[in-house]
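When a ligand or atom number is given, it counts from 1 through the structure's own listing order. Position 1 is the first residue of the sequence; numbering continues from there.
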Amino acid sequence: MLYYQPFPIAMDKGEGSTLWDIDGHEFVNLCGEYTAGLFGHSETRIHTAVHQAMMRGLNFAAVGRAEYELARLICARFPSMELIRFTNSGTEANLMALTAARVHTGRDMILAFRGGYHGGVLLFTPEGPSPVTVPFPFLSANYNDTDSAAAVIAHNQDRLAAVIVEPMLGSGGCIPAESSFLQMLREATREVGALLIFDEVVTSRMSDGGLQKRLGITPDLTTLGKYMAGGMSFGAFGGRADVLSLFDGRLPHAGTFNNNVLSMAAGRVALGEIFTKEVAEELYVRGERLRTALNDRLMKLGVSMHFSGLGSVATAHYRPPLIRCAYTPTTREDGLRELFFLDMLKAGFYMARRGMIALSLPVLQSDLDRFIDAVEEFARTRQGLLGSGSARAR
Ligand code: PLP
């Protein structure tokens, strides 16, 4: 992720949405720490909360007020969250949610989608589970393929413990789920007695209560992570009280730093005071406008490149829309992805190397306007390499 040829840029400091590397070059940060950097680098209220928490002393091996308040905030906002437990990462949150589902149902199998990413040890390539993925008995299906996923669920109904799904494939290319696909997963899991888990580690920013609230589809369990503790390490899993109550004695949930005071204090302020319902909606709309503007420019040039995504998160693809599931890029697409990343660095924009952008709250509209121009410039100068495309992007 972070290493590339001829050498990776080492960052020195950040302020708002600006980054400086160790040689003093300045960049607009459109990577947004892979969606964890929603508040930018220097939000005063988060800095103050962290400093105040430090002044009261680091970690007490006990529950605390900020933890209680953050839990209440999240449960009030996310439709599926009756109870919640904290972890240090999205990976741990997903491991715990999957384990809870297996114990609750007394079954072993899990359906995950090709191209899904649920953590460092929960990676599903376009072909299926990666060798780094933990050895749970996973079943695979193609994202947005309603019929084949329904068939896998029906065929394994006696052994299926859970279906885990990102409501938008994040690292798999910012490919939104079709509402009918998620709706089928909701109904089919209910019918066979399996649990539906929404991994909202990335998509939780799509409203004050995640993409589940925007879509009106409520899973049994939800996992969270990234920006929610204002940039401190964070993860959480929660949902139906009858499932979460497993942890009231029957199942252990250990982790030294699960409720560490810095994450809890920063999270309480980040969600309680900064990322309000209105701010979440504004950011969503801002991202939608940006993606539309980028795609309009690319379509006018007639090149085979477009951005897919939802709200404030988008990814560049070098093939015509509409992309409905994860794919293995061709050598040509791999080359274009690298070229786009390097050209954008040269133009002063730091983005995720895989072509993903994630807006942070402090990013300036003037910087986004300059980014649209820079993308157009890329498409013009690299037109011969991009080739032509036609269909309209969402
Ligand atoms: N789930 C999704 C959808 C993610 O994008 C990520 C991280 O990128 C994770 C889970 C894992 O979170 P973490 O890196 O905090 O372990």
May I ask you to check if ligand 1 and Gly90 share an N or O to N or O distance below 3.5 Å?
yes
Can we call the ring centroids of Phe349 and Phe378 under 6.0 Å apart?
no
Provide the closest heavy-atom pair for Leu139 versus Met109 in the form atom of the first, atom of the second, distance.
CD2-CE, 3.9 Å
Whether the side chain of Ser140 engages the backbone of Arg114 through a donor-acceptor N/O pair (distance < 3.5 Å, no angle test) should be reported.
no
Non-hydrogen atom of Tyr117 closer than 4.0 Å to ligand 1
yes
Main-chain N/O of Glu278 paired with Asp208 side-chain donor or acceptor, under 3.5 Å
no
Going by distance only, is there an N or O of Asp199 that falls short of 3.5 Å from an N or O of ligand 1?
yes
Counting distance only, does the side-chain N/O of Asn144 pair as donor-acceptor with the main-chain N or O of Arg324 below 3.5 Å?
yes
Does Lys226 have a non-hydrogen atom less than 4.0 Å from ligand 1?
yes
Nearest-option assignment for atom 5 (O) of ligand 1, heavy atoms, candidates Val202, Leu169, Ile164:
Val202
Looking at Phe247 versus Phe237, is the centre-to-centre ring distance below 6.0 Å?
yes
Counting each atom of ligand 1 from 1 as listed, which ones have a heavy atom of Asn94 under 4.0 Å away?
1 (N), 10 (C)
Just jot down the ligand 1 atoms closer than 4.0 angstrom to any heavy atom of Thr91, in number order.
11 (C), 12 (O), 13 (P), 16 (O)
Against heavy atoms of Glu166, which atoms of ligand 1 measure under 4.0 Å?
3 (C)
